[in-house]
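Only one structure is covered here, and it is reproduced in the block below.
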Amino acid sequence: MADRPDPQAQAGHNAPGLSLHVPEPKFRPGDAVDFSHVDVGEPGKQPRPDETCAPETMRDFAYGLVRVLGDDNRAHGPWDPKLDPETLRTMLGHMAMTRAFDERMFRGQRQGKTSFYMKCTGEEATSVAASMALASDDMVFPSYRQQGILIQRGYPLIEMINQIYSNRGDKLKGRQLPIMYSSREHSFFTISGNLATQTPQAVGWAMASAIKGDTRIAATWVGEGSTAEGDFHSACLFATVYNAPVILNVINNQWAISSFSGFAGAERTTFAARALGYGLAGLRVDGNDPLACYAAEQWAANRARANAGPTLIEFFTYRAEGHSTSDDPSGYRSAQEREEWPLGDPVMRLKNHLIELGEWDEERQEKMDLEAAEHVKKVTKEAEANGILGHGLHHPFRTMFEDVFEELPWHLKEQAEQAIHERETKFPGGLPNEGKGA
């Protein structure tokens with residue numbers, strides 16, 4: 001076979017060959033970690049612009065970092081939301097409950113009681129504090145790591161656990177992957193496993209609210225890796241064009257499963273900077289600072305309600321645990337990263353702030369943590385009475401054909417009859433421990 005001609009020689013020049021850049025994380029397993037390259041800025045130094053300002057005046061906010069809590073555990077600067085101590089204690093309680101819930105459900109998965117779970121350790125402020133800044137009936141379109149929103153809004157823990165166990169108490173009837181909750185009563189849109197689909201849905205809902213002259217706004221949460229999906233960019237475009245009253249929250253926790261944020265563009269710019277090209281207001285926020293998270297979400301909510309337009313917020317945080325119970329982060333990142341992360345832990349920071357104010361102490365924190373753990377343990381036992389993975393206490397078999405059509409069409413009736421017949425033939429006495437009516 002003849003040698004292929006050299007394209008450069010044919011072109012008659014000596015230009016160097018092209019090279020492909022493949023992003024690489026700074027630290028791999030076993031590496032020493034040094035986050036000195038991360039510029040977190042000084043708390044309180046970022047100005048707070050008018051909520052109705054033009055997006056083009058906000059360029060610096062897409063590259064800086066809105067921070068309130070300093071190393072002295074005090075609140076600084078114009079972004080301080082000046083929350084009263086009782087509200088701060090409530091916020092701390094929701095984050096403590098979220099962390100206790102995560103620990104119990106993670107343990108349940110390891111015990112074989114459910115197939116899957118995802119913790120939000122280190123990211124609690126981005127859901128709890130942020131959602132507290134919204135009205136309780138504002139519609140939220142979460143991703144799969146915002147369990148703190150449901151806990152903050154008072155959704156019963158037993159309903160969350162029933163869904164995780166896919167048991168006979170599961171209101172979603174086992175049709176969703178564990179942790180993909182849904183609650184119309186709490187204005188919590190159904191979580192989807194298809195990444196970023198919730199972003200155009202949130203924008204569309206917000207547009208409908210504006211069309212109707214309603215006062216409710218929408219907020220959505222998405223991971224930084226999911227901003228590489230086309231749906232996210234469609235959402236940004238529609239939000240800008242139609243001035244939708246929506247908040248696009250991007251949780252930059254540095255890792256999308258085993259891929260670091262560079263594969264979504266973090267080496268080149270910030271995720272908040274994506275707002276600039278669309279004409280969106282953009283904020284980059286310390287995602288481990290509960291006061292900054294609250295203040296930024298409140299600013300964006302006020303902006304939306306004033307018909308001043310949508311906002312994209314990047315919450316700069318760190319995923320302290322694995323992506324899910326199916327993931328082992330020790331295989332792709334240094335074990336030191338969690339301890340070396342320069343922005344600390346959101347629960348500890350809020351606790352220390354309350355102690356600095358003279359409104360809290362270590363003894364009350366220990367009591368809060370213990371009460372949260374005991375409450376989750378008690379509710380978990382109640383949920384387990386409805387069934388756990390694999391022992392037959394689930395919704396009746398016939399329900400897999402229900403809830404799509406008002407009247408079941410003929411072809412589904414045939415499929416249902418065939419499936420039920422085959423099941424009865426194979427298991428004439430029923431499955432062991434099978435739930436009533438299955």
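Count residues from 1 along the sequence.
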Applying side-chain hydrogen bond (donor to acceptor under 3.5 Å, both in side chains), run through H21 and E267 and close with a yes or a no.
CA-CA 11 Å; H21 171 69; E267 285 187 341; 2.7 Å; yes

What is the distance from atom [atom1] of [X] to atom [atom2] of [Y], rounded to the nearest 0.5 Å?
X	Y	atom1	atom2	result
M180	L172	CE	CG	11.5 Å
L350	L88	CG	CG	6.0 Å
Y165	K113	OH	NZ	5.0 Å
D138	I217	CG	CD1	4.5 Å
D327	K119	CG	NZ	12.5 Å

Please name the pair of heavy atoms, one in [X] and one in [Y], separated by the smallest distance, quoted to 0.1 Å.
X	Y	result
V250	T227	CG1-CG2, 3.8 Å
V33	E340	CG1-CB, 3.8 Å
A244	A206	CB-CB, 4.1 Å
W221	A130	CZ2-CB, 4.2 Å
H394	S166	CB-O, 4.2 Å
A320	R333	O-NH2, 3.3 Å

Around D71, counting heavy atoms of other residues, nucleotides and ligands shown, do more than 12 lie under 6.0 Å from its CG?
no

Counting only heavy atoms not in E339 (residues, nucleotides, ligands), do more than 12 fall under 6.0 Å from its CD?
yes

List the atom pairs, with distances to 0.1 Å, where a side-chain N or O of residues 236-243 and a protein N or O form a donor-acceptor pair under 3.5 Å, not counting sequence neighbours.
residue: T240; atom: OG1; partner: C236; partner atom: O; Å: 2.9
residue: T240; atom: OG1; partner: Y278; partner atom: O; Å: 3.0
residue: N243; atom: ND2; partner: N307; partner atom: O; Å: 3.1

When you check the gap from the basic side-chain N to the acidic O, do [X] and [Y] get nearer than 4.0 Å?
X	Y	value
D31	K26	no
K171	E159	yes
D72	R74	no
D286	R67	yes
E51	R303	no
R338	E321	yes
R89	E86	yes
K378	E374	no

Side-chain touch [X]/[Y], heavy atoms, less than 4.5 angstrom:
X	Y	value
T114	M105	no
L150	M160	yes
R110	T325	yes
P55	L280	no
N249	T126	no

ring-ring contact (aromatic ring centres under 6.0 Å, His included) between F141 and F189, worked out
CA-CA 5 Å; F141 293 75; F189 195 80; 4.6 Å; yes

Residues passing the ring pair (Phe, Tyr, Trp, His ring centres under 6.0 Å) test with F188, sequence neighbours excluded, are none

Angle class for the [X]/[Y] ring planes (parallel below 30°, perpendicular above 60°, tilted otherwise)?
X	Y	value
F35	W341	perpendicular
W255	Y332	tilted
W79	F61	perpendicular

Can you list the steps and then say if F106 with F101 is a ring-ring contact (aromatic ring centres under 6.0 Å, His included)?
CA-CA 8 Å; F106 181 88; F101 185 80; over 10 Å; no

Within 45 degrees of the ring normal and closer than 6.0 Å to the centroid, is that where the cationic atom of R284 sits relative to F316?
yes

For H186 and Y181, I'd like to know if the aromatic rings sit close, meaning centre-to-centre distance below 6.0 Å.
no

Does D84 form a side-chain hydrogen bond (donor to acceptor under 3.5 Å, both in side chains) with T87? I'd like the steps, not just the answer.
CA-CA 5 Å; D84 61 83; T87 300; 2.9 Å; yes

